[in-house]
Amino acid sequence: MPTLIIGNKNYSSWSLRPWLVLRHLGLDFEEVRLSLGSPDFHRELKRYSQAGRVPVYQDDQGSIWDSLAICEFLAERNPLLWPDEPYQRALARAYVCEMHSGFTALRAELPMNCRALQRQIEPSQAALADIARIEQIWQQCIEHHAQEGPWLFGRFGIIDAFFAPVAIRFNGYQLSLAHNSREYVKLQLSNPLLQEWIAAGQAEPEVILREEVGA
């Protein structure tokens, strides 16, 4: 059976993305959770990957690390994870790559934390710019695909899995958002699979102090 090696569900946004895609597809897999704050984390992770990061996906062919690479591997067998039309497919990939490699201020100042509810924080100008850009992406997607379904490109896809951690952040830190953004956050949080992840994250005993921000 395939295996997905993940970090703490409370904190690991990178792990959430392929987990959500795998669960959305209804695929069977074994879940191995490694505690990010454990002194043995890197030693244990080397059993699965030399890259030193979670997530890692293993099947009978070998290991794949990096959340986007894992999702692309799954999309090779499940093409509905991307839009059908070539330009829209490329556009969705561009947004996903932007999320994957950018928004560094948002990541640093508003870490994903499933237990962070009703926290107050003062984002820097750089983080506010990241938030504005994300809202712009969501607005453009919603305007163009509202007739096709409620997700960013109509049906649920990799792009929605990549923005799921952002929805957790926006909800937990009580950010002021435009109407469409608030509705998209509600949609994400109404997903039973994401609810399952959040509940498991909230139940974890580990606390990583550097990830605990806001008052």
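Since the model is a prediction, treat every value here as computed from it, not as a measurement.
Counting non-hydrogen atoms of other residues, nucleotides and ligands closer than 6.0 Å to CD of Glu143 gives a total above 12. Counting non-hydrogen atoms of neighbouring residues, nucleotides and ligands closer than 6.0 angstrom, the CZ atom of Arg53 reaches no more than 12 such neighbours.
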From CA spacing to verdict: salt bridge (charged side-chain N to carboxylate O under 4.0 Å, His left out), Glu31, Lys9
CA-CA 11 Å; Glu31 179 183 306; Lys9 288 185 174 179; 3.0 Å; yes
Kindly determine whether Gln139 and Asn180 satisfy side chain to side chain donor-acceptor pair (under 3.5 Å), including the steps that lead there.
CA-CA 7 Å; Gln139 183 72 29; Asn180 280 349; 3.2 Å; yes
Check the pair Asn10, Gln202 against side chain to side chain donor-acceptor pair (under 3.5 Å), reporting the backbone distance first and the verdict last.
CA-CA 6 Å; Asn10 191 50; Gln202 291 173 341; over 6 Å; no
Using side chain to side chain donor-acceptor pair (under 3.5 Å), reason through Gln58 and Thr3 one step at a time and then give a plain yes or no.
CA-CA 5 Å; Gln58 287 188 329; Thr3 301; 4.9 Å; no
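Salt bridge annotation for Arg43-Asp40: present, with a cationic side-chain nitrogen under 4.0 angstrom from a carboxylate oxygen. A salt bridge is defined here as a Lys NZ or Arg NE, NH1 or NH2 lying under 4.0 Å from an Asp or Glu carboxylate O, and Glu212 with Arg119 meets this definition. Using a 4.0 Å cut-off between charged nitrogen and carboxylate oxygen, Glu206 and Arg33 count as a salt-bridge pair.
Atom SG of Cys114 and atom CZ of Arg169 lie 10.5 Å apart (nearest 0.5 Å). Taken to the nearest 0.5 Å, the CG atom of Leu20 stands 9.0 Å off from the CG atom of Asp160. Remark: Ser12 OG to Trp19 CH2 distance equals 12.5 Å, nearest 0.5 Å. Here CD1 of Ile168 is found 12.5 Å from CZ of Arg115. Values are rounded to the nearest 0.5 Å.
Taken together through direct or relayed side-chain contacts under 4.5 Å among Ile, Leu, Val, Met, Phe, Trp and Tyr, Leu80 and Leu91 form parts of separate hydrophobic clusters. Grouping the Ile, Leu, Val, Met, Phe, Trp and Tyr side chains by contacts below 4.5 angstrom, directly or via other members, places Leu117 apart from Tyr173. Linking Ile, Leu, Val, Met, Phe, Trp and Tyr whenever their side-chain heavy atoms come within less than 4.5 Å puts Tyr87 and Leu81 in one cluster.
Trp138 pairs by the ring pair (Phe, Tyr, Trp, His ring centres under 6.0 Å) definition with Phe163, Phe170, Tyr184, not counting sequence neighbours. Under the rule for a ring pair (Phe, Tyr, Trp, His ring centres under 6.0 Å), the partners of Phe156 that lie at least two apart in sequence or sit in another chain are His24, Trp151. Listed by chain and residue number, Glu72 satisfy the side-chain hydrogen bond (donor to acceptor under 3.5 Å, both in side chains) test with Arg93 (two or more places apart in sequence, or in another chain). Among residues two or more places apart in sequence or in another chain, the salt bridge (Lys or Arg N to Asp or Glu O under 4.0 Å) test is passed with Arg155 by Asp84.
Minimum heavy-atom separation, Glu109 to Ala127: OE1-CB, 3.5 Å.
Under the 30°/60° scheme for interplanar angles, the aromatic rings of Phe153 and His145 are found to be tilted.
Using modelled atom types and a 3.5 Å distance limit, the side chains of Ser35 and Ser38 yield no donor-acceptor pair. A side-chain donor-acceptor contact under 3.5 Å links Glu135 and Ser181.
Within the 4.5 Å cutoff, no side-chain heavy atoms of Leu4 are placed close to those of Glu30.
Cation-pi geometry between Arg17 and Trp14 is met: the NZ or CZ atom falls under 6.0 Å from the ring centre, inside 45° of the normal.
Pairs passing the salt bridge (charged side-chain N to carboxylate O under 4.0 Å, His left out) check and including a residue from residues 190-202, sequence neighbours excluded, read Arg23-Glu196.
Side chain of Arg133 to main chain of Phe103: no donor-acceptor pair is present (N/O by atom type, distance under 3.5 Å, no hydrogens or angles). Checked by atom type and distance alone, the side chain of His100 never pairs as donor or acceptor with a backbone atom of Val96 at under 3.5 Å.
Cluster partners of Tyr11 are Ile5, Val32, Leu34, Leu36, Phe41, Leu45, Tyr48, Val54, Val56, Trp65, Val207, Ile208, Leu209, counting Ile, Leu, Val, Met, Phe, Trp and Tyr whose side-chain heavy atoms approach within less than 4.5 Å, directly or via other members.
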